Amino acid sequence: MQKLSGQLFSLVLLIELVLGWGGWAVLRKIFPDQIFTWYPYIPSVFLILGCVVTYVLTKNYKLEGKKLVNLYMILKLIKMFVVMIYVLGFYFIVKNDLRVFGSVFAVFYAVYIGLETYIFYSVEKQIKKEA
């Protein structure tokens, strides 16, 4: 599981770096008037969330199937609270560029959902392999 954990951490880091820098390049080159100051925090939030999910799932993979699913759902609930706090914080503090922020955030969220699903799938596959 240690090898899988390292691979998943590397994957999360790689995807967030590529998506973060790529998104910044797209905004800067194609939509220079749409750049907003909170952009760097979006990839950071999803990088932290991805690392936390990877760490918790790979450390607790020996739980029974039902408990692992419950843990996964708790992690999703925590993620939703963090995301809501972040979006509401942007809305109440900045109050401009909401359309651009929402679009960029939606892309990161969609990619993160796919990444999170892959992480859970990889952990489940490893559990079946070890059983």
Side-chain angles (χ1 to χ4, degrees):
M1 189 57 76
Q2 192 73 5
K3 183 179 177 185
L4 178 65
S5 177
Q7 291 172 345
L8 292 174
F9 277 119
S10 299
L11 180 66
V12 168
L13 182 62
L14 178 69
I15 287 176
E16 291 304 327
L17 285 175
V18 168
L19 193 60
W21 284 103
W24 181 254
V26 167
L27 278 177
R28 213 176 88 215
K29 297 281 185 190
I30 299 174
F31 306 107
D33 57 326
Q34 301 294 322
I35 292 176
F36 54 96
T37 57
W38 276 39
Y39 178 82
Y41 298 109
I42 295 174
S44 302
V45 166
F46 286 105
L47 176 63
I48 292 167
L49 287 172
C51 288
V52 167
V53 166
T54 301
Y55 177 78
V56 170
L57 285 178
T58 55
K59 291 296 178 193
N60 295 299
Y61 75 98
K62 291 186 178 185
L63 292 175
E64 296 173 10
K66 207 174 199 181
K67 289 182 181 179
L68 189 62
V69 171
N70 287 342
L71 176 64
Y72 182 69
M73 296 311 278
I74 289 170
L75 288 171
K76 288 190 85 53
L77 181 65
I78 291 169
K79 178 192 68 171
M80 286 301 296
F81 280 128
V82 169
V83 166
M84 286 173 44
I85 289 168
Y86 185 76
V87 170
L88 289 173
F90 183 85
Y91 176 75
F92 287 120
I93 294 170
V94 179
K95 292 188 182 182
N96 60 0
D97 300 325
L98 292 176
R99 184 177 46 86
V100 178
F101 175 80
S103 301
V104 170
F105 198 86
V107 168
F108 273 94
Y109 193 80
V111 169
Y112 178 76
I113 293 284
L115 184 61
E116 189 178 63
T117 302
Y118 178 75
I119 290 168
F120 189 68
Y121 168 76
S122 297
V123 170
E124 284 289 325
K125 192 169 135 182
Q126 185 68 27
I127 290 170
K128 287 182 182 181
K129 191 178 187 182
E130 290 180 5

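What you see is a predicted model; the values in this text were computed from it and never measured.
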Below 3.5 Å, can you tabulate the donor-acceptor pairs from side chains in residues 15-31 to any protein atom, sequence neighbours excluded?
none

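- When the side chains of ILVMFWY residues are joined at heavy-atom separations under 4.5 Å, either directly or via intervening members, Tyr55 and Met73 end up in a single hydrophobic cluster.
- A continuous path of hydrophobic side-chain contacts links Val100 to Phe92 [ILVMFWY only; heavy atoms under 4.5 Å].
- A search for ring-ring contact (aromatic ring centres under 6.0 Å, His included) contacts involving Tyr86 returns Trp38, Phe101, Phe105, not counting sequence neighbours.
- Interatomic distance, CG of Leu8 versus CD1 of Ile119, reported as 5.5 Å (0.5 Å rounding).
- Taking OH of Tyr112 as the start and CG of Leu47 as the end, the distance is 10.0 Å to the nearest 0.5 Å.
- Heavy-atom neighbours of Lys76 NZ from other residues, nucleotides or ligands within 6.0 Å: above the threshold of 12.
- In this structure, the side chains of Val87 and Tyr109 stay at 4.5 Å or more apart for every pair of heavy atoms.
- Separating the CG atom in Asn60 from the OH atom in Tyr72 is a distance of 15.0 Å, to the nearest 0.5 Å.
- For Pro43 against Phe108, the heavy-atom pair with the smallest separation is CG-CZ, 3.7 Å.
- Hydrophobic clustering of Ile, Leu, Val, Met, Phe, Trp and Tyr side chains at less than 4.5 Å, counting indirect connections, unites Phe46 with Met80.
- Annotation: side chain of Leu49 is not in contact with side chain of Leu75 (no heavy-atom distance under 4.5 Å).
- A distance of 8.5 Å separates CG of Leu71 from CZ of Phe120, quoted to the nearest 0.5 Å.
- Counting all heavy atoms, side chain and backbone alike, Cys51 lies closest to Val12 at N-CG1, 4.2 Å.
- Taken to the nearest 0.5 Å, the CG atom of Leu88 stands 10.5 Å off from the CD1 atom of Ile93.
- Through ILVMFWY side-chain contacts below 4.5 Å, Val107 is grouped with nothing and stands alone.
- Follow the hydrophobic side-chain contacts under 4.5 Å out from Leu98 and you reach Val45 in the same cluster.
- For the pair Glu124/Leu68, a side-chain contact is recorded, criterion being any heavy-atom separation below 4.5 Å from C-beta on.
- The distance from atom CD of Glu116 to atom CD1 of Ile113, rounded to the nearest 0.5 Å, is 5.5 Å.
- Cluster annotation: Ile42 and Met84 are assigned to distinct hydrophobic clusters (Ile/Leu/Val/Met/Phe/Trp/Tyr, side-chain heavy-atom contacts under 4.5 Å, transitive).
- The closest side-chain heavy-atom distance from Val82 to Ile48 is not below 4.5 Å.
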Tyr118 and Leu11: side-chain contact (heavy atoms from CB on, under 4.5 Å), yes or no, with the steps?
CA-CA 10 Å; Tyr118 178 75; Leu11 180 66; 3.5 Å; yes
